[in-house]
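Note that these values count all heavy atoms, side chains included, but never hydrogens, waters or copies made by symmetry. In what follows, every chain begins at residue 1, and chains take the letters A, B, ... in the order their sequences are listed.
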Amino acid sequence: MSHPSGPPPEDVIRSEHRPDDRRGRDTTPAVGRRGAPALWRRAVEGSPVALARRAWQDARWSYLYKDDTAYRARDGAADANAKVQAAARRMRGATEVPEGVEPAGPFINAPVWTWEVPAYFFLGGVATGSSFVALAADLAGDERSAAIARKVTMAAIGPGAPLLVLDLGRPARFLNMMRIFKPRSAMNAGAWCLAAFSTAGAGAVAADLLGRPRLAKVLGAKTALLGTYLGSYTGVLLASTAVPIWARSRLFLPPIFVCTAVATGAAANRLVLAATGVPPGHPTRNALGTIETAAMGAELALSSLNEQRLGQLADVLDHGRAGRLFRFAKWAVRAGLLLRLTRRRLGPWQHHVASLLYLSGGLAFRFAWIEAGRASAADHDAVARTARGKATADDRRTTARAKTSARRSPRDRRLPHLYADAIRRLSLAVESAVRRG
Amino acid sequence: MSAAPTEVAVRRPGARRMGFFTDTTVCIGCKACEVACKQWNDLPADGSVFRRRSSYDHTGALSASTWRHVRFVEQLEPAPLPDLPAYGGGDLDLVAAAERFGGVPQMDRWLFMSDVCKHCTNAGCLDACPTGALIRTEFETVIVQPDVCNGCGYCVPSCPFGVIDRDPYDGRAAKCTLCYDRLQDGLEPACAKSCPTDSIQFGPYDELVEVAKGRVLALHERGVTDAYLYGAGDEPGEQLAGELGAFFLLTAPPERFGLPAQAESPAQENGPLATAAGLAAAALGLAAAVASFARAHRAARSGGPLRAPASRAPLGAHPRAVRSRAPLRALRGRR
Amino acid sequence: MWIQGSSLVEAHPVGSRWALKARERGAKIIHVDPHYSRTSAISDLYVPIRAGSDIAFLGGLIRHIIETESYFREYVVNYTNAATIVNADYRGPEELEGVFSGFDPESGTYDRSSWMYEGGEVAAAAGQREHSTQAFSDRTGAGMMVGNVRSDPTLQDPRCIFQIMKRHYARYTPEMVERVCGVSKEQFLEVAETLIANSGRERTTMLSYAVGWTQHSCGVQMIRAGTIVQLLLGNIGRPGGGIMAMRGHASIQGSSDIPTLYEILPGYLPMPRGRDGDLTLHDYVEGGGSKRGWWSHFDNYAVSLLKAWFGDAATPENDFGFGWLPKITGNHSHYPTMLRALDGKLDGLLVMGQNPAVGGINSGLQRRALASLKWLVVRDLADLETAHFWKDSPEVRSGELRPEDVGTEVFLMPAASHVEKAGHFTNTQRLLQWRDKALDPPGDARSELHFVHHVAKRVMAHYADSEDPKDWPLRNLHWPYAEHGPEREPDAEEVLREINGYDLETGALVDGFAQLKADGTTSSGCWIYSGCFADGVNQTRRRDPGDLDAPGGYVSPEWGWAWPANRRILYNRASADPSGKPWSERKRYVWWDSEQERWTGYDVPDFPVGKRPDYVAPDDAEGMDAISGDDPFIMMADGRAWLYSPSGLLDGPLPTHYEPYESPVPNELYPKMGANPVAITWAHAANPITAPDDERFPHVASTFRLTEHHTAGPMSRNLPWLAELQPEMFFEIDPQLAAERGIEDGGWMTVTSARGEIEGRASVTSRVRPLKMGDRVVHQICMPWHWGTFASSAQGVTGDAANDLIAISGDPNVSIQESKAFRCDVRAGRRNRESTERQAGTQHAAGDHPPEEPRKLGQTDQADFRGER
């Protein structure tokens with residue numbers, strides 16, 4: 001992540017302070033410390049708090065909580081609940097923001113992620129696509145291509161993890177991602193999946209190098225299966241946030257990301273295979289050509305369909321940086337499709353250029369979606385309307401449904417707890433070993 | 001309605017859900033809560049910037065270093081311009097003034113609202129947190145464990161109320177803890193303690209909700225028919241994030257205070273559906289890949305328009321060699 | 001609750017919880033103010049008014065109450081001087097075009113003999129007097145012979161005060177109020193009707209004001225006008241009524257009880273004057289004391305004070321040392337003193353907990369004055385502008401002052417904060433509350449008590465063997481305080497005991513001022529505080545609210561201690577009707593218990609406990625015997641509340657609307673008269689005042705406070721947590737003016753006055769309204785005054801000081817400056833020179849008046865001002 005340059009101002013003040021108190025009273029100016037609540041210590045450990053009335057009795061006293069100030073629940077008001085609920089419904093029940101009310105933001109915080117995340121999304125996508133290609137090639141009996149695809153997979157996913165670590169506010173604590181297993185958190189699940197995927201993929205490549213084709217195939221298949229999640233969870237990750245443009249695309253974003261993944265994966269492999277001498281007209285190349293084109297076509301179709309139903313929310317998709325990136329991506333893809341589908345032969349480079357266009361298009365899409373998220377979070381009207389529930393064409397009123405299934409927590413089981421704690425300590429140890437400057 | 005017992009990470013016999021009831025009708029906008037919070041939690045100032053169109057609010061919004069924040073809402077009503085030139089003010093072009101400002105709207109109401117983490121029953125940040133740094137305490141409040149958080153930043157866009165944030169210097173996410181340390185000692189949180197008009201009330205959740213309901217009715221009787229509870233007392237179908245541990249009494253639509261009219265933990269609302277869609281699409285993609293490979297290779301074998309597989313061709317074979325028929329023959333030869 | 005000239009919520013956020021509780025219980029809150037503040041936000045009714053036009057508004061209320069006969073007749077007839085007949089030769093401003101009879105244009109003063117009650121005569125002393133020293137006899141009517149004053153209970157006599165008032169305010173119609181104040185007729189009538197509806201037997205209205213009234217060239221009269229309204233409605237001396245003077249900060253009340261003022265001694269005893277008739281204790285008592293009413297005890301208090309000061313050295317033979325007390329010779333208030341300093345006629349200054357370089361009016365002038373001192377001692381919590389003016393100030397930045405040229409030797413002494421020292425606060429309702437010390441002050445910081453104690457000891461040691469008779473007080477000062485701890489800190493409680501007073505024969509603490517004697521057998525440092533240590537217990541330390549739900553439980557007599565005699569409401573005999581029965585059950589407070597033949601009630605009765613309601617004072621009675629059983633206002637010689645004050649005020653017996661010194665509009669009521677004719681200005685080249693016909697400054701400006709900052713700022717601007725809440729100096733202006741001058745919200749703008757020009761952020765908001773006054777529109781600019789140019793902390797904030805813009809001027813009675821209404825102009829963008837450069841070089845200009853002799857703002861003066869431009 002990006003840090004502001006220089007130390008925080010309050011640290012400057014603290015460092016300038018000269019303790020000059022003869023009485024030994026700490027006169028360091030109280031100007032605050034970041035990231036965590038202060039840790040206060042009792043002068044005498046365990047001693048009671050002077051003048052405090054235990055069990056929150058202080059809070060019980062109030063000059064307002066008196067009958068004479070109409071500040072107590074009306075006992076026996078049977079319709080109290082109904083009235084209160086009706087009042088709330090009047091003010092926030094409507095599916096439109098009331099006339100003349102200008103939403104006064106900020107409503108939500110924009111994502112703080114920097115370039116690392118979309119870059120990882122892209123590479124993760126390529127890896128997923130490659131793993132698919134590897135499996136497909138294996139099944140089609142093209143072992144050599146499969147082996148190459150497996151290598152491409154690893155080449156792509158290799159930098160993925162480091163990128164994610166880089167994006168953390170406390171990179172040294174990256175291990176905490178594996179501290180618990182938490183399916184409801186897309187990022188946690190993704191982290192686990194990434195680990196499994198990389199391990200399987202690495203295993204497969206190793207098997208290839210050691211000349212164990214069967215094992216390689218099996219591991220490759222495993223990789224591809226894990227890939228189904230690795231390629232889609234990034235979409236889920238964005239979709240399960242409060243950012244309107246992402247949240248309202250919850251049914252489209254993951255498929256779109258999968259398409260990009262498959263397409264870029266195929267494109268990457270096509271180029272690599274070509275470079276490694278697979279001749280034109282070779283079925284694998286043709287297949288890859290078909291796949292990347294189909295996938296990109298689908299991606300384009302889904303995107304525009306999504307844009308249609310997003311209505312006004314989609315404004316952020318064609319304005320600002322996000323808009324520029326999207327336009328570039330779309331033109332790249334369209335150009336690729338054109339090159340691919342045109343009858344006329346323009347030369348041997350024609351299809352390679354197409355693949356390159358797909359790749360760059362895919363990359364642009366990833367960055368575009370993150371940018372769009374930032375813009376969308378800052379679009380107060382969008383947030384307000386989304387919350388009101390009439391943001392997109394197919395929106396129903398959003399209601400709060402208790403999802404106990406989603407609220408399963410491992411914390412109340414003993415063993416995982418020990419595990420979690422162990423990782424936490426390890427993480428802290430790592431951090432103290434590699435302090436950020 | 002309260003959080004699922006399985007989610008509570010810290011156990012303590014007899015602990016109840018505690019919360020805030022912030023009554024904006026008695027708030028005087030003194031910002032004592034904001035300062036008391038920073039003082040008790042020893043949080044830094046956000047830096048002194050004069051913000052435009054912000055009334056008396058110069059700290060802007062809740063952030064990693066501002067856990068209580070007082071919003072100022074200047075609610076205007078249009079009014080006619082004084083119809084005569086200003087005394088001694090030279091000749092004033094009222095038309096221009098009107099065009100520029102749409103007249104001189106009259107001050108209708110000046111609303112103050114002390115915002116804070118809502119400690120949702122269905123907490124988006126808690127659902128999103130991949131490290132388990134965010135937990136639910138025995139008081140059913142949601143707090144960040146600073147020694148666990150690794151600053152992944154996923155909780156930031158996952159909060160439907162824009163509360164939690166990642167400190168740019170420190171790198172960790174931070175937000176209101178409902179003064180967890182004070183609660184453990186049986187003390188009320190700093191902001192509630194410092195509120196001179198009891199606009200911020202703290203106590204056992206159920207009791208607070210009862211008080212709040214009574215307050216709404218009382219205000220209605222007094223003619224303040226706009227008064228309503230934001231985040232408590234709703235029917236299950238209409239709750240905000242399954243009811244808010246810190247709820248508010250407002251007298252204007254939530255949008256005026258930067259609050260969403262409806263909210264739910266995004267992970268719970270969108271996660272399952274998105275995952276399903278994603279996996280389905282991925283499976284489809286994989287299948288499609290396999291299929292097109294199979295088709296291509298089958299076609300190649302059946303000697304259709306497709307030609308030689310490269311598998312037998314020597315690595316780095318020159319394209320010309322490929323165009324010769326030799327490989328094809330070799331292919332037949334293998335049959 | 002009626003709040004005018006005060007922003008309760010901004011300046012007293014904690015106290016305002018009670019206002020809100022009152023609102024919760026159904027009370028209406030009315031806020032009349034030029035500036036829409038957080039107070040207005042919680043009010044049921046906000047009324048924007050032109051700064052400085054309050055008397056017109058209040059006069060309108062008085063007229064409305066009289067015309068609609070909505071006054072509380074029984075109360076007015078029996079408890080006020082409404083029925084009293086005034087001298088035949090009294091003439092009011094209606095007849096004399098804006099002045100009262102006895103006006104002398106030359107000296108710009110009044111001969112006030114014609115204002116007297118018929119048959120009454122003013123005490124000899126009151127005629128000739130030092131300028132602006134509020135002669136004590138005047139304030140209380142002490143020394144007046146009121147034996148044969150006539151009165152007409154039917155209020156019909158054309159010369160009775162009621163009829164005089166009726167004529168006086170006849171032209172203060174709602175239409176006139178609209179023309180003068182910019183308050184719409186509808187709003188004015190709504191206020192009037194609400195006040196009337198909430199007053200009378202069953203209900204009372206509370207009035208709260210603050211420096212928004214005080215700081216005007218007729219500030220005292222504004223408060224008087226408010227008092228008249230409250231008296232007409234019968235809201236004085238009754239629960240839920242009264243007038244709350246919201247104070248500027250902690251214990252300001254205390255600093256006038258035991259004064260940091262130059263013209264009174266502890267307990268509001270007058271400062272003895274340096275001329276015949278005041279040089280001996282006897283004359284002093286004669287002049288100050290009174291034959292009738294409470295002040296007949298004057299001598300007890302004066303002698304006990306002298307005994308507290310000089311101990312055994314004070315004997316009847318040497319007049320208890322009275323002769324050695326410093327005598328007052330003129331106006332020694334802050335401004336003349338600083339003007340004297342400006343002209344190099346002051347050696348040194350001791351500044352404790354004050355920041356004149358920012359908070360002082362015309363602060364550019366104040367800073368220049370500081371630069372011409374020889375030495376300056378500043379005690380404060382943080383380094384501040386007043387200690388820093390020589391190093392970094394607008395004058396230094398402009399090059400007018402060069403640090404190497406400034407001869408002032410500055411000593412900055414760290415002060416202990418209120419939690420680091422013991423002592424008591426006296427708050428606005430005269431409640432003394434003791435604070436214990438929470439922790440030791442850091443480093444070399446010490447309490448004021450410590451500082452003063454040790455300075456005094458050094459001074460006394462220095463003069464120990466001086467033969468000079470003038471040093472007698474220093475040699476004989478009674479200074480018994482013990483020292484404690486490593487820092488040799490005196491014990492504040494010991495001082496409070498001395499204030500309470502001792503019976504010197506037994507050495508026991510007295511239980512109240514009733515026990516004080518004039519024969520030198522008792523001592524008391526401040527008679528009104530006598531009793532705060534009754535029974536040898538520190539009464540101010542009590543914190544028992546008692547049973548709040550019991551009848552009258554809200555009085556909480558066991559919480560702290562209120563002077564006088566732990567009385568929570570003054571003149572509370574007025575809460576019962578003349579026969580001694582409560583006006584109403586709902587408002588029962590103090591009443592006559594006929595079984596026990598005594599006054600009783602929830603509070604300590606402010607009346608001789610045994611005096612029957614039907615007691616009628618014989619004409620020749622003296623002392624308290626001269627107060628009849630139905631005369632609640634025992635501090636006044638006639639036992640009545642004064643709607644019309646025959647003596648005491650230098651600028652008229654009745655409040656009259658005058659424009660502020662600097663007003664862009666003429667006086668609608670008295671076209672010949674602009675500002676208060678007897679108000680003070682100190683004509684000085686460095687203190688120019690804008691003439692009425694000056695077109696350069698068309699707008700009205702007023703200052704206000706913010707909750708986030710404290711007064712002149714050193715205590716709040718340097719704390720990051722407070723600084724970020726209000727980071728920059730700003731001006732609130734209405735969108736119309738902003739459009740006219742091209743000023744952008746949040747952008748820079750500059751405000752100029754005759755004194756200087758300052759810059760800040762523009763806050764274009766509809767909270768400020770252009771005021772429609774009859775056929776003209778007046779724009780007001782409201783600005784906080786918390787910013788100065790120096791910050792002692794890296795995260796502290798700085799800004800231009802609003803007081804750089806304001807002229808030094810004075811109300812004739814108390815010489816407070818007019819800082820709540822002055823003229824200015826605005827423009828977009830930043831200032832292009834230092835804030836006070838406008839006057840650089842103009843000071844010490846030839847031909848300016850000797851500053852220590854204040855001048856009236858007569859026509860001649862205005863000519864002079866024009867001459868200067």
Chain A contact via [X] - side chain, backbone, both or neither, heavy atoms under 4.5 Å:
X	value
B/Cys152	both
B/Thr251	backbone
B/Cys176	neither
B/Ala280	neither
B/Thr275	both
B/Val163	backbone
B/Gln39	backbone
B/Pro189	neither
B/Phe161	backbone
B/Asp181	side chain
B/Trp40	both
B/Ile164	backbone
B/Tyr180	neither
B/Ala173	backbone

side-chain hydrogen bond (donor to acceptor under 3.5 Å, both in side chains) between B/Asn150 and B/Thr131: does it pass, once the steps are laid out? CA-CA 8 Å; B/Asn150 66 4; B/Thr131 62; 5.0 Å; no
Specify which of [options] makes the most heavy-atom pairs with chain A at under 4.5 Å.
options	answer
B/Leu229, B/Thr225, B/Val216, B/Leu183	B/Leu183
B/Ala128, B/Ala61, B/Ser65	B/Ala128
B/Gly60, B/Ala282, B/Gly186	B/Gly186
B/Gly153, B/Ala45, B/Ala174, B/Ala192	B/Gly153
B/Ala274, B/Ala281, B/Ala227	B/Ala274
B/Leu279, B/Asp226, B/Ile143, B/Leu284	B/Leu279

Test log, rule side-chain hydrogen bond (donor to acceptor under 3.5 Å, both in side chains), inputs A/Thr234 and A/Tyr229: CA-CA 9 Å; A/Thr234 47; A/Tyr229 188 68; over 6 Å; no
When only pairs under 4.5 Å are counted, which of [options] shares the most heavy-atom pairs with chain B?
options	result
A/Ala52, A/Ala110, A/Ala261, A/Ala247	A/Ala247
A/Ala87, A/Ser185, A/Ala287	A/Ser185
A/Ser145, A/Gly227, A/Pro106, A/Ala239	A/Pro106
A/Ala242, A/Ser240, A/Ser232, A/Pro254	A/Ser240

Apply side chain to side chain contact (heavy atoms under 4.5 Å, CB included) to A/Pro111 and list each qualifying residue two or more places apart in sequence or on a separate chain.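 Residues passing side chain to side chain contact (heavy atoms under 4.5 Å, CB included) with A/Pro111: A/Trp113, A/Val243, A/Trp246, A/Arg374, A/Ala377, B/Pro157.
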Any side-chain donor near an acceptor of the partner, [X] and [Y], under 3.5 Å:
X	Y	result
A/Arg250	B/Asn270	yes
B/Asp165	B/Ser63	no
B/Asp23	B/Gln201	no

Counting only non-hydrogen atoms closer than 4.5 Å, does [X] touch chain B with its backbone (N, CA, C, O), its side chain (CB onward), both, or neither?
X	result
A/Val258	side chain
A/Leu164	neither
A/Pro48	neither
A/Pro255	both
A/Ala55	backbone
A/Arg53	backbone

Measure the CD-NZ distance between A/Gln85 and B/Lys213 for me, rounded to the nearest 0.5 Å.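 These two atoms lie 7.0 Å from each other.
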Can you tell me how far the CE atom of A/Met91 sits from the OH atom of B/Tyr230, to the nearest 0.5 Å?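 Rounded to the nearest 0.5 Å, the CE-OH separation comes to 12.5 Å.
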Determine whether a donor-acceptor pair (N or O, by modelled atom type, separation under 3.5 Å) exists between the side chain of [X] and the backbone of [Y].
X	Y	value
B/Asp185	B/Leu187	no
B/Thr121	B/Gly242	yes
A/Asn188	A/Ile180	yes

With A/Phe174, which residues qualify under ring-ring contact (aromatic ring centres under 6.0 Å, His included), at least two apart? none
I'd like to know whether CD of A/Glu102 has more than 12 heavy-atom contacts from other residues, nucleotides or ligands below 6.0 angstrom.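 No.
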NZ/NE/NH1/NH2 to OD/OE distance under 4.0 Å, A/Arg170 and B/Asp170: yes
Taking all non-hydrogen atoms of both residues into account, name the closest pair between A/Pro9 and A/Arg34 and its distance. CD-NH2, 4.3 Å
Any side-chain heavy atom of B/Arg166 sitting closer than 4.5 Å to one from A/Leu168?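 Counting from C-beta outward, B/Arg166 and A/Leu168 never come under 4.5 Å.
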Below 30° counts as parallel, above 60° as perpendicular, anything between as tilted: where do the rings of B/Phe293 and B/His297 land? parallel
